[in-house]
Amino acid sequence: MSFTNVSIREALQLPEGSKARIRGWVYRRRIYGDKAFVVVRDSTGIMQTVVAKGSTIDFEKAENITIESAIEVEGTVKNDPRAPGGKELRVTSFKIISKAEPFPITASASREFLLDIRHLWVRSRKMTAIFKVRNTVFRAIHDYFKNKGYYEVQCPMFITAAVEGGATLFEVDYFGEKKVYLTQSSQFYLEALIYSLEKVYTVAPSFRAEKSRTRRHLTEFWHAEAEAAWAGLNDMLKVEEELIAYIVERVLEENQQELEFLKRDISALEGVKPPFPRISYTEAIEMLKRKGIKVEWGEDLGADEERALTQEFEKPFFIYGYPVKAKAFYHKTDPQNPKVTLSADLLAPEGYGEIIGGGERIADKNELIRKIKDFGLNPDDYQWYIDLRKYGSVQHAGFGLGIDRTVMWICGLDHIIDAIPFPRTIRRIYP
RNA sequence: GCCGGGGUAGCUCAGCCAGGUGGAGCGCCCGGCUGUUAACCGGGUGGUCCCGGGUUCGAAUCCCGGCCCCGGCGCCA
């Protein structure tokens, strides 16, 4: 038998006259006179198949097929300008694997409805394209760190003390005996592990009970975090810009078709090469004032301010030296300027905003305890974290990358919920 | 948490302001069409008008309470 199973991508490259068998799901069905046009979708693409009335049994099957039915089709590849993609399969055998009930998704579906039936919407070509880019982003993160001598580690999701502010913790009942929380960040555990492996990274979810209703917030998001011993702020900025540039480079290499399908402006990504501009928080405030935006030194930058700044840059850029009070307690104060920290955020251009937060950590025990108290927190809650400063503490720095936000920016999406298959937001935990 | 918008057929919406037997398009079913491209044309099918209470002869429509969703802000990655 001369039929071979091929993916649709492969089938579309076969010479005219080749015999092929493809399988997938019905994407479109059009009946016209004595022909049934059934467009089939698999993970690699779509292809039109044509069933003619001559083959009576098969025609009836094709004529009555429903959208999203699983089918297996054999036929001959034929070049035809009328077919989408210029090639189609003239069907000789049409086998139904599983006939679908009427598919609920039609052209007029709303964002809300698509979220309700997300488990079906993930089949869409848009979602599929995004997932492929996302796959490349994750792979590139692992490849980058491994190439740079970082060890991958795994940290707990159940924790007992906050890393960020306490109000944003999800509480979990632990055997009815005590309360634990879902982690907001693996940072503290990474800091512990640098005394073993020196350079470590992890890719894991982080959970934040922020009641944020914006297009950039998930309550469960994917976090790539790194921490390195013997490193200061500037060493880390270099790692961060290299990492981002590498991720973008890989996506441009491997996901041209997907970016095209998503109508992403590729030229905006091609310029994402190091070095990224570095401006101080103080400079950022001045830039905003020149643009006529009212801000005071010492305030954290809000969404409008961030957006205004991202318009000034063509590629991602760093803002460093945030005021002490605008950042979490573990950031080291700049010895040259006690009003600011050795911290930096990386903002994506085109209005996307913050994708990385990081900086140098406090290495001195007494400074750390003082800072914890200054922030109105109880040092007893951070005992093991303080402990790290007692036994051979060294200068170290790290950062956290919001992977979903990175995917959102690279794909040019207008909402973060489309950057992840099953988004969790303040209002949505189903499906 | 605050501000704004919304919930009517499987889906997208109109009807609500000004109360009087619930509509359209898409989907689905039937028929037609000699290659369609989100096919097209004709016919048919389809309703707990979010829930509870109130006003009224009469409520999708007005009033009160509740639930849910969407957008934005603050906060953050």
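Hydrogens, waters and symmetry mates are skipped; everything else that's a heavy atom, side chains included, is used. The sequence lines fix the lettering, A, B, ..., with proteins before strands; numbering per chain opens at 1.
For Arg90(A), the side chain to side chain donor-acceptor pair (under 3.5 Å) criterion is met by Asp80(A), Glu88(A), not counting sequence neighbours. When the side chain to side chain donor-acceptor pair (under 3.5 Å) test is applied to Asp265(A), the partners found at least two apart in sequence or on another chain are Ser267(A). Under the ring-ring contact (aromatic ring centres under 6.0 Å, His included) criterion, Phe221(A) pairs with His223(A), sequence neighbours left out. For Tyr322(A), the ring-ring contact (aromatic ring centres under 6.0 Å, His included) criterion is met by Tyr281(A), not counting sequence neighbours. Partners of Asp143(A) according to the side chain to side chain donor-acceptor pair (under 3.5 Å) rule, which considers only residues two or more places apart in sequence or in another chain, are Arg250(A). Every residue was checked against the salt bridge (Lys or Arg N to Asp or Glu O under 4.0 Å) condition with Arg139(A), not counting sequence neighbours, and none meets it. Annotation: side chain to side chain donor-acceptor pair (under 3.5 Å) contacts of Asn79(A) (sequence neighbours excluded): Glu16(A).
Near RNA chain B, defined here as any heavy-atom distance below 4.0 Å, there are no residues from residues 143-151 of chain A. Taken residue by residue, residues 302-315 of chain A places heavy atoms nearer than 4.0 Å to RNA chain B at Gly302(A), Ala303(A), Glu306(A), Arg307(A). If you check residues 275-291 of chain A against RNA chain B, you find no residue with a heavy atom closer than 4.0 Å.
Within the structure, the side-chain hydrogen bond (donor to acceptor under 3.5 Å, both in side chains) test picks out the following pairs touching residues 421-431 of chain A (sequence neighbours left out): Asp116(A)-Arg428(A). Within the structure, the salt bridge (charged side-chain N to carboxylate O under 4.0 Å, His left out) test picks out the following pairs touching residues 27-44 of chain A (sequence neighbours left out): Arg41(A)-Glu68(A).
Taking the six-membered ring wherever Trp is involved, the centroid distance between the rings of Phe170(A) and Phe207(A) does not fall below 6.0 Å.
Within 4.0 Å (heavy atoms only), Asp116(A) reaches no atom of the nucleic acid at all. The residue Ile105(A) sits apart from the nucleic acid: no heavy atom pair falls under 4.0 Å.
Phosphate proximity of C69(B) to Arg111(A): absent, as no side-chain N or O sits under 4.0 Å from OP1 or OP2.
Which of C75(B), A77(B), C69(B) sits closest to the side chain of Glu354(A) comes down to A77(B).
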